[in-house]
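Scroll down for the structure; my scribbles are underneath it.
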Amino acid sequence: MSNRRDFLKNASLLTAGGLLVGNTGAMNAANAASAPIVSAKKKLGLQIYSLQAELYDDIPKRMKELKEMGYVNLELSGYSKGKIAGMDMKEFKRTAEVDMMDFKKMAEDAGLKIVSSHVSPDLGGTSFMLEFKRDLLPKARDFWKQTAADHAKLGCKYLIQPMMPTCRTYDDALLACEFFNDAGRICNEAGLLFGYHNHHMEFQRLVKPGDENKPQNPWMPVGDQIEDIFIANTDPSLVCFEIDVYWTVRGGNDPLEYLQKHPDRIKAVHIKDTAVLGQSGLLNFENIFNQMYKNGIQDYFVELEYMPDGRTQFEGVKDCAAYLEKAPFVR
Ligand code: MG
């Protein structure tokens, strides 16, 4: 629900983690097209969704190329029943599937480490949107037990749920927190951290039951943002957060503010821009990285949604690595 205060809040992003980065980002982006200078020190991470189906034409070769670009850590996407699959986003369908242990070996042979994996629970629904209902808790439990066991074999650190379940009401969001706590308990038992990754939908507001008819100042936002409900109502010992800085800005919020407010809850970060990092001027990556280091965050993953200029995802991912390799604020 947008109103004047949200508008002013958006405008105030000018100098923080989002919007109008100033010259630093743009200058680094301009340099990024040249060959990357790979630093042994920088531990770049990549969400493999960024490569979409391109990774799967020759996985060992592609993984070696990623290492040469400077990536060392991977976050998986496309897990299902012990397999990893690519996604063709134009056709919106799964492409070639690979046994996850074979995938691990190919990554390790290339010098890459699988640190994290994005997985949404398969609860048997037919809709694209994930719908949590209380009677699905046992099914979700069975799903996470199997999934956590599979990922423990990979030596993964995180299992991250990347998509928001449908939250039409405040109670829906609270029920989602129960599912997250439950998943977190199961992941903890398997030696993994369970986390939640946001898009922009999590910054919609929901009104607490009983507050619907309270008098409202028309300039003030009404209700709580879903992301804030999730943070407040999940157990910090069971659920952490992977903040996607791009989607946070798209949701009208400042990723820097979230990093400052929740240093104990945000354990991983998606480093993302409209396309290649640093080119839009939308994100202030210098402030974001400085705050990440201040918070002790080690794990971040570059994500590239799509290349708008007809170049391949691989070329885009390479430019993203070059941007981070050249950025003096990335250690
Ligand atoms: Mg993301």
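These values consider heavy atoms only, across backbone and side chains, with no hydrogens, waters or symmetry-generated copies. Ligands are counted one by one from 1 in listed order, and the atoms in each one are counted from 1 as well. Just so it is clear, the model here is predicted, and its values are computed rather than measured.
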Contact check: H199 to the Mg ion (ligand 1), N/O/S below 2.8 Å: no
Name of the residue among V302, L46, L44 meeting side-chain contact (heavy atoms from CB on, under 4.5 Å) with C320: V302
Quick one: report the N, O or S atom of E303 that is nearest to the Mg ion (ligand 1). OE1
Under 3.5 Å side-chain donor-acceptor pair for H270 and H197: yes
Atom name of the N, O or S atom in D244 that lies nearest to the Mg ion (ligand 1): OD2
Taking just the N, O or S atoms of H270, which one is nearest to the Mg ion (ligand 1)? ND1
Output yes if E242 passes the N/O/S-under-2.8 Å test against the Mg ion (ligand 1); output no otherwise. no
Flag for N295-Q291: side-chain donor and acceptor within less than 3.5 Å: yes
Describe, in one word, how the ring planes of W247 and H199 are oriented to each other, choosing from parallel (under 30°), tilted (30 to 60°) and perpendicular (over 60°). tilted
Hey, which of V317, D319, I271 is the one that makes side-chain contact (heavy atoms from CB on, under 4.5 Å) with L277? I271
